[in-house]
Student: 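Can you keep this structure in mind? I'll have questions shortly.
Order of listing sets the numbers, starting from 1, for every ligand and every atom in it.
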Amino acid sequence: MGVMVVVPGVVVLAAAVMAAEYSVVDYGARAGGRADAAAAFLAAWAAACGDDGGGASGYRPVMRVPAGTFVIGQAYFRGPCRSAAGVVLAIDGTVVAPPAVANTSWIVFHYAHGLAIRGGTLDGNGQAFWACKAAAGRHCPPGTTTLDISQSNNVSVKRLTLVDSKNVHVSIFDCASVTLQGVRITAPADSRNTDGIRVALSRDVAILSATVRTGDDCVAMGPATSGVVIRNIRCGPGHGISIGSLGGGAGEGEVRNVTVESAVLAGTQNGLRIKTWGKPNAGRVAGVRFARVAMRGVENPIVVDQNYCPGNVNCPDQSSGVKISDVEYEDIKGTSATAVAVKFDCSGSNPCTGIRLRNINLTYDGRPAQSFCKNVGGSASGVISPQSCL
Ligand SMILES: *[C@@H]1O[C@H](CO)[C@@H](O)[C@H](O)[C@H]1NC(C)=O
Ligand SMILES: *[C@@H]1O[C@H](CO)[C@@H](O)[C@H](O)[C@H]1NC(C)=O
Ligand SMILES: *[C@@H]1O[C@H](CO)[C@@H](O)[C@H](O)[C@H]1NC(C)=O
Ligand SMILES: *[C@@H]1O[C@H](CO)[C@@H](O)[C@H](O)[C@H]1NC(C)=O
């Protein structure tokens with residue numbers, strides 16, 4: 001049996017070990033209060049993070065945000081924590097950001113190994129910021145990521161709701177072994193840059209049973225990312241599931257071993273997209289599988305675009321140095337909102353290879369849609385509509 005630690009708050013039974021609870025109200029936060037409660041949150045974190053449970057194996061102290069609404073400005077929760085298994089952040093209520101943009105990230109976890117976030121709502125309160133962005137000619141700050149988890153391993157986030165971020169809702173950066181389960185993300189379709197989940201420089205990331213409705217990417221995977229599994233996800237409105245943009249800078253790591261299965265994309269700008277800059281920077285995407293995906297009125301259901309170059313600056317010959325290979329599309333069905341439902345627009349200097357289509361049925365306006373192929377090699381099998389151009 002573990003050691004029982006009694007510090008402000010209730011003691012609960014977690015597995016075989018009694019875990020202490022550190023509630024933010026015991027450190028001065030008040031539900032419904034309008035003052036910035038960040039100091040109380042940080043004090044509760046410091047107490048939980050400093051509690052090693054007497055060294056009991058598997059011991060996990062709990063930081064609790066009870067029911068009600070709490071306003072906090074920026075909060076930087078830093079680890080590593082003293083309990084080797086990590087800290088549980090249990091949220092019953094809603095945490096709201098102030099309308100003003102202060103920093104590039106709002107709620108930050110850094111070196112928070114073993115972190116487990118359970119329940120609750122994070123409200124980025126982005127309306128005033130989006131209005132600034134939408135008003136032409138005004139200079140606006142860059143926006144604020146709602147939940148920024150970096151350099152943290154063994155992280156689990158369950159049943160968390162995120163709404164109205166001023167920028168990306170969830171960022172996973174330089175992490176290993178992360179599971180997001182039952183996460184719900186909502187922002188208006190016309191809110192700019194409100195990506196759902198961004199993953200970069202990370203390995204072994206699972207995104208399970210998520211719902212993402214925003215104004216930008218549903219999930220975006222950046223450089224140096226491997227071992228991503230996305231299963232049972234619903235996206236839309238928004239820009240769909242994206243690998244990229246890659247090749248915007250030199251020396252980017254590869255994107256490898258990505259699986260997206262059992263997905264529904266509804267009313268999104270893209271479905272399954274791989275996007276690279278039309279620049280010579282080297283890079284690689286390999287070992288990607290997309291399976292059992294339903295498209296409902298998606299503008300570009302299947303798209304590889306290696307010509308990204310807004311403003312056409314520094315993109316000699318629009319020729320991407322990113323090599324894309326071994327990408328499989330299986331059981332992709334539904335409706336396209338444009339005539340070209342399958343588009344492989346690959347690099348002249350690094351053609352796509354090993355693209356495999358199996359059982360594809362995408363219609364446009366009640367008719368078979370069209371395919372477009374450039375600099376691409378691969379194969380098709382099973383039912384293929386639109387007709388394959390591979
Ligand atoms: C912005 O972040 C910095 C560094 O973490 C911090 O010192 C500062 O208080 C933050 N500003 C606001 C308004 O939260
Ligand atoms: C995750 O936790 C397990 C068990 O505590 C540990 O063995 C493993 O090394 C951790 N993984 C990472 C990437 O830190
Ligand atoms: C691919 O990623 C999954 C999920 O992280 C992992 O279980 C599997 O071992 C990886 N496969 C390879 C070949 O690396
Ligand atoms: C594609 O799906 C449509 C709508 O469900 C169906 O009518 C059509 O027969 C299917 N085409 C093929 C080639 O299976």
Side-chain angles (χ1 to χ4, degrees), residues 113-114 149 152-158 170 172-181 183 197-210 219-233 241 243 253-267 271-272 274 283-298 300-302 323-342 353-354 356-371 379-390:
H113 307 306
I149 302 175
S152 302
N153 300 332
N154 280 338
V155 171
S156 146
V157 177
K158 288 190 181 164
V170 180
I172 305 296
F173 184 80
D174 200 4
C175 293
S177 302
V178 177
T179 300
L180 307 180
Q181 186 158 16
V183 169
I197 301 165
R198 285 197 81 91
V199 180
L201 205 68
S202 294
R203 63 183 164 86
D204 301 327
V205 176
I207 300 170
L208 311 174
S209 304
V219 178
M221 287 161 270
T225 295
S226 64
V228 179
V229 175
I230 301 173
R231 190 177 294 130
N232 293 328
I233 189 166
I241 295 174
I243 294 176
E254 305 178 353
V255 176
R256 204 173 257 287
N257 187 13
V258 173
T259 300
V260 177
E261 54 189 22
S262 300
V264 177
L265 292 116
L272 309 168
I274 302 175
R284 191 172 174 87
V285 177
V288 180
R289 176 173 159 81
F290 298 110
R292 297 190 300 283
V293 179
M295 304 282 178
R296 300 196 184 132
V298 172
N300 303 291
I302 292 176
K323 171 76 181 174
I324 299 173
S325 61
D326 185 19
V327 182
E328 186 173 43
Y329 301 84
E330 181 169 358
D331 287 323
I332 316 290
K333 311 216 157 132
T335 56
S336 173
T338 66
V340 178
V342 177
T353 54
R356 295 187 301 282
L357 296 173
R358 179 170 176 79
N359 295 337
I360 309 292
N361 185 355
L362 295 164
T363 59
Y364 167 60
D365 204 13
R367 308 184 300 270
Q370 295 164 28
S371 298
S379 60
S381 61
V383 171
I384 302 288
S385 176
Q387 198 169 27
S388 170
C389 56
L390 288 171

Student: Out of Asn359, Asn361, Leu362, indicate the one that has the non-hydrogen atom closest to atom 11 (N) of ligand 4.
Tutor: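 Among Asn359, Asn361, Leu362, the closest heavy atom to atom 11 (N) of ligand 4 belongs to Asn361.
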Student: Can you tell me the protein heavy atom closest to atom 5 (O) of ligand 3 and the distance?
Tutor: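 Going atom by atom, the protein heavy atom closest to atom 5 (O) of ligand 3 ends up being Asp204 OD1, 2.7 Å.
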Student: If you have a sec, work out which protein heavy atom is nearest atom 4 (C) of ligand 3 and how many Å separate them, to one decimal?
Tutor: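 For atom 4 (C) of ligand 3, the nearest protein heavy atom is Gly227 O, 3.8 Å.
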Student: Give a yes or no answer on whether the side chain of Thr335 reaches the backbone of Gly297 with a donor-acceptor pair at less than 3.5 Å.
Tutor: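 Yes.
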Student: Report the nearest protein non-hydrogen atom to atom 1 (C) of ligand 3: residue, atom name, distance rounded to 0.1 Å.
Tutor: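 I find the closest protein heavy atom is Asn257 ND2, 1.4 Å.
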Student: Is the shortest distance from atom 14 (O) of ligand 3 to a protein heavy atom below 4.0 Å?
Tutor: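 So atom 14 (O) of ligand 3 has protein heavy-atom neighbours under 4.0 Å.
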Student: Please answer whether the main-chain N or O of Lys333 pairs with a side-chain N or O of Asn361 as donor and acceptor at a distance below 3.5 Å.
Tutor: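 No.
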Student: Checking side-chain contact (heavy atoms from CB on, under 4.5 Å) between Ile207 and each of Leu180, Val170, Val157, which is the one that passes?
Tutor: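 Only one option passes, and that is Leu180.
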Student: Measuring to protein heavy atoms, does anything land under 4.0 Å from atom 7 (O) of ligand 4?
Tutor: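 Given the 4.0 Å limit, the answer for atom 7 (O) of ligand 4 is no, no protein heavy atom qualifies.
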Student: Please step through side chain to side chain contact (heavy atoms under 4.5 Å, CB included) for the pair Ile230 and Met221, ending with a clear verdict.
Tutor: CA-CA 11 Å; Ile230 301 173; Met221 287 161 270; 3.8 Å; yes
Student: Please could you name the atoms of ligand 4 that Val383 approaches to less than 4.0 Å, counting only its heavy atoms?
Tutor: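 So the answer, numbered in order with elements, is 12 (C), 13 (C), 14 (O).
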Student: Under 4.0 Å between a Lys/Arg side-chain N and an Asp/Glu carboxylate O for Arg289 and Asp326?
Tutor: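 A salt bridge is absent here (no side-chain N lies under 4.0 Å from a carboxylate O).
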Student: Can Ser379 and Arg356 be said to form a side chain to side chain donor-acceptor pair (under 3.5 Å), step by step?
Tutor: CA-CA 5 Å; Ser379 60; Arg356 295 187 301 282; 5.6 Å; no
